[in-house]
Amino acid sequence: MKNKNVRKILAAVLSVQLAVQGAAFGMTAFATDPATPALSDVTADSASDSITLSNAPNVPDSIKKGGAVTVRGTVASSSSNLTSVTAGIYNASGQFISGKTVNPGAKSYDLRTLDKYVTFNTLADGEYTFAIIASNSSNSNLGLLSKKFTVGTAQASSSDQITVSGETKIPATLKKGQAVTIRGTVTSDATITEVTVGIYDSNGTRMTGGSVTPNAKSCNLHDLDNAVAFNKLADGSYTYKVTVKTANGTTELSKQSFTIGSASAAQASNSDDALTISGGTAIPDTLAAGKALTVTGTVTSANSAMTALTCGVYDSNNKLVIGKTVNPRSKTYDLNTLDYVMAFNKLAAGTYTYVVSASNAGNAAYTLVSKTFKVGDGGSSSTTTASSTDKITISGGTNMPATLKAGGAVNVTGIVTSADSNLTSVTVGVYDSANNFCTGKTINPSAKSYDLKNLDSYVAFNKLSAGNYTFAVIASNAANSNYAVVSKNFTVSGSSSSAGNGGGLSITGGTNIPSTITPGKIINITGTVSSDSTMTALTCGVYNSSGKFVTGRTINPKSSSYDLKKFDSYVAFNNLPAGNYTYAVIASNASAKNKTLVNKKFTVSTSGGSESSSGSDNISISNSTAVPSSISKGKGMLVRGTVSSASSNLSSVTVGVYDANGSLVTGKTVNPGAKSYNVNALDSSVRFNDLSAGTYYYRVIASNGTNSNYTVVNQRFSVQ
């Protein structure tokens, strides 16, 4: 009996020890009751289905009693849905005391939703750990953030309490030419009159840096980033310092020592906190000039969060020419996040070194990859080097995002120009990860320049399924064959929303938007949106080529079905000036957020699709009525003008006034059966003097053997 009791006591003690150890990592087993989660050991991240945290909350080392911290950031799972997310505070004994656990059932989760549950302002004096933990199908209780902090009462007024949070951690060793981004927020009880950030040599001489005078109680150190030139330092030993001035004096707030040295052989990684890389980019020994490479790979830290990571290309003088240094603040980092700064296609001929290095608690500037390569001829099976005497260039090119939602559209823009000879071919298109051509078109301009906007309708971004792609513009002239003017990698995320079945959302009977419409054309909105659950948001409208919402409306239907006809008066196609647009219907419900059900690109042009007049059988008007932009109520207008058809007889002519909804208010349609018609014959049928106050359109619309309902006149005016 005594032995059984001893075993129970030992088991209880061991349970407490494990709980305290788990608290050091801020880990918790998820439960339906977030107030009492059990503690467990931290687990390793699965590289194939990683969980990441972006825009993490900034928790300072010390917080005043009653002080608050805003919980923010986005937790994302690369493949499977997140099964749980916890944001919370643990005390020094590992007890969960504030926060909440949720079960998102989605690939991403906005932590701001949990802000009100994490009550920093109620904490008593003491030591705590703030943790963010998540699980998916491949990872159980993965620690994304574990930040220790203290809570204490305000210091005596005899001295200022000055703190810095989110500060850049300088690696112990930097390569010559390597840049570091300055971050951090300085806060003070008293007004800060000056903040200085500088780098000092071994003699105490400031080599680079600058000062700002915020005259406020906080200062963003990033404001001094351009003044601190790490990349211009020579080899040697240095100290990075942050000093702050207030009315009470000067405080040295931060001091970090580091060295600058030329690249050396990769140092040994601390085996207890090893840094590794998987799935890294394969760099060829020789790369053709103008050739693009996609940066890939996942860097992993065994135990601690990485404090710095550099991905870049260095020239023969060990100067960083492309790349960036970031502070991941996590145990894993996807190098593809930095692909947008790795412009291999812009490297001039020469010898370079591709480097990936990282720092964590156990390693300083550990080199994971160091691959020397040459840029020049012979790096590709096809010629991609631009002739220096007959260059091919592009201006005003497409702003291709790094990530595009399935069903999303991108407008193709840019002017491709050949310096001397005519362009013999231009290809605009999208290629998959196996380099297969997915969508686009090749044309033969036979001119020195070409406007890519002409090929926009052939590149169907909205039909791409989830995956990795390359958007490319490839051109040839007399001196260059298949030169890649643009090669931009991007990812299509999520399942195709244009099918309308994601999250139980669908649309039936939707408006058929033509590819081209004439200015002033009214299009009536139709269709029914259905959802498996109550819709929380529904948007119907038009976006311009920059993605700006220009006409339409967003509502909260609070129902599982909605008739889009109710949006008709809000979507003013007739007010759109000439240009490129996208008509979209976007819905949200309990299981899907911002699901795109319709995404149709179209152009507003004076020659409009099925309504345009054929050049060989043109319809025109002469001596037409000029309606002023504003007329007085009760005022009449004389209808005049002669409509002519070039070849066939006019089968119909309509003259009338239409309201803002596209309904004919006054006017008449006739069937001339001749090549010309004087609309003055319809003057008595178009009664301007009967119009009430409002906005209207005076239109003359005609049809012949080649053209159907071609708008010859379309003038907007108001009655006041």
Side-chain angles (χ1 to χ4, degrees), residues 15-43 51-77 82-106 108-136 139-155 161 163-166 185 187 218 304-305 329-331:
S15 176
V16 171
Q17 289 175 341
L18 289 173
V20 172
Q21 290 171 1
F25 296 103
M27 302 312 301
T28 177
F30 298 106
T32 55
D33 180 5
T36 56
L39 293 171
S40 63
D41 293 333
V42 65
T43 59
I51 304 176
T52 57
L53 171 65
S54 58
N55 299 319
N58 184 16
V59 180
D61 295 331
S62 178
I63 300 173
K64 289 182 182 180
K65 188 174 181 180
V69 175
T70 301
V71 175
R72 58 180 175 83
T74 301
V75 177
S77 171
L82 293 163
T83 53
S84 66
V85 172
T86 295
I89 299 171
Y90 298 79
N91 63 17
S93 300
Q95 181 184 1
F96 184 83
I97 58 174
S98 176
K100 190 172 183 179
T101 297
V102 293
N103 308 103
S108 67
Y109 187 76
D110 189 343
L111 292 173
R112 286 179 297 182
T113 307
L114 301 182
D115 179 57
K116 62 183 177 181
Y117 298 101
V118 188
T119 53
F120 286 88
N121 59 322
T122 63
L123 298 175
D125 292 353
E127 295 184 353
Y128 300 90
T129 297
F130 172 71
I132 298 173
I133 310 133
S135 298
N136 62 6
N139 298 277
S140 178
N141 302 336
L142 178 66
L144 302 173
L145 177 65
S146 180
K147 169 65 176 178
K148 290 185 178 181
F149 65 97
T150 59
V151 173
T153 55
Q155 295 179 1
Q161 183 177 8
T163 60
V164 59
S165 59
T185 301
T187 56
S218 67
S304 62
R329 298 182 184 178
S330 66
K331 293 181 182 178

Task: Euclidean distance, L142 CG relative to N136 CG, rounded to 0.5 Å - done: 8.0 Å
- [ ] Would you give the length of the straight line joining atom OG1 of T119 to atom CD1 of I89, rounded to the nearest 0.5 angstrom?
- [x] 6.0 Å
TODO: Check whether any side-chain heavy atom of P104 sits under 4.5 Å from a side-chain heavy atom of V75, and report yes or no.
DONE: no
- [ ] Evaluate the side-chain proximity of V59 to K148: yes if any heavy-atom separation is below 4.5 Å, no if none is.
- [x] no
- [ ] Could you tell me the separation between the CG atom of N58 and the OG1 atom of T185, rounded to the nearest 0.5 Å?
- [x] 6.0 Å
- [ ] Using atom types as modelled and distance alone, determine if a side-chain donor or acceptor of R112 lies under 3.5 Å from a backbone N or O of G73.
- [x] no
Task: Note, T83 side chain near S140 side chain (heavy atom, < 4.5 Å) - done: no
TODO: Mind running side-chain contact (heavy atoms from CB on, under 4.5 Å) on V102 and L114 for me, showing each step along the way?
DONE: CA-CA 9 Å; V102 293; L114 301 182; 3.7 Å; yes
Task: For Y109, all residues meeting ring-ring contact (aromatic ring centres under 6.0 Å, His included), sequence neighbours excluded - done: none
TODO: Using the ring pair (Phe, Tyr, Trp, His ring centres under 6.0 Å) rule, pick out the option among F130, F120, Y90 that qualifies with F149.
DONE: F120
Open item on the list: Within the 4.5 Å heavy-atom criterion, are Y128 and I63 side-chain neighbours or not?
Closed with: no
- [ ] State, with a plain yes or no, whether a side-chain heavy atom of P57 is found less than 4.5 Å away from one of V118.
- [x] no
Open item on the list: Can you tell me how far apart CD1 (I51) and CG (L82) are? Round to the nearest 0.5 Å.
Closed with: 5.5 Å
TODO: Mind checking the CG-OG spacing from N141 to S84? Nearest 0.5 Å is all I need.
DONE: 6.0 Å
Open item on the list: For Y117, give me all partners under ring-ring contact (aromatic ring centres under 6.0 Å, His included), at least two apart in sequence or on another chain.
Closed with: none
Open item on the list: For R329 versus A305, what's the shortest heavy-atom pair and its separation?
Closed with: C-CB, 3.8 Å
Open item on the list: What I'd like to find out is whether the side chain of T129 reaches to under 4.5 Å of the side chain of S146, using heavy atoms alone.
Closed with: yes
Task: Atom pair CD1 (I132) and CG (L53), whose distance is rounded to the nearest 0.5 Å - done: 5.0 Å
Task: Heavy-atom check, side chain of N55 versus side chain of L111, under 4.5 Å - done: no
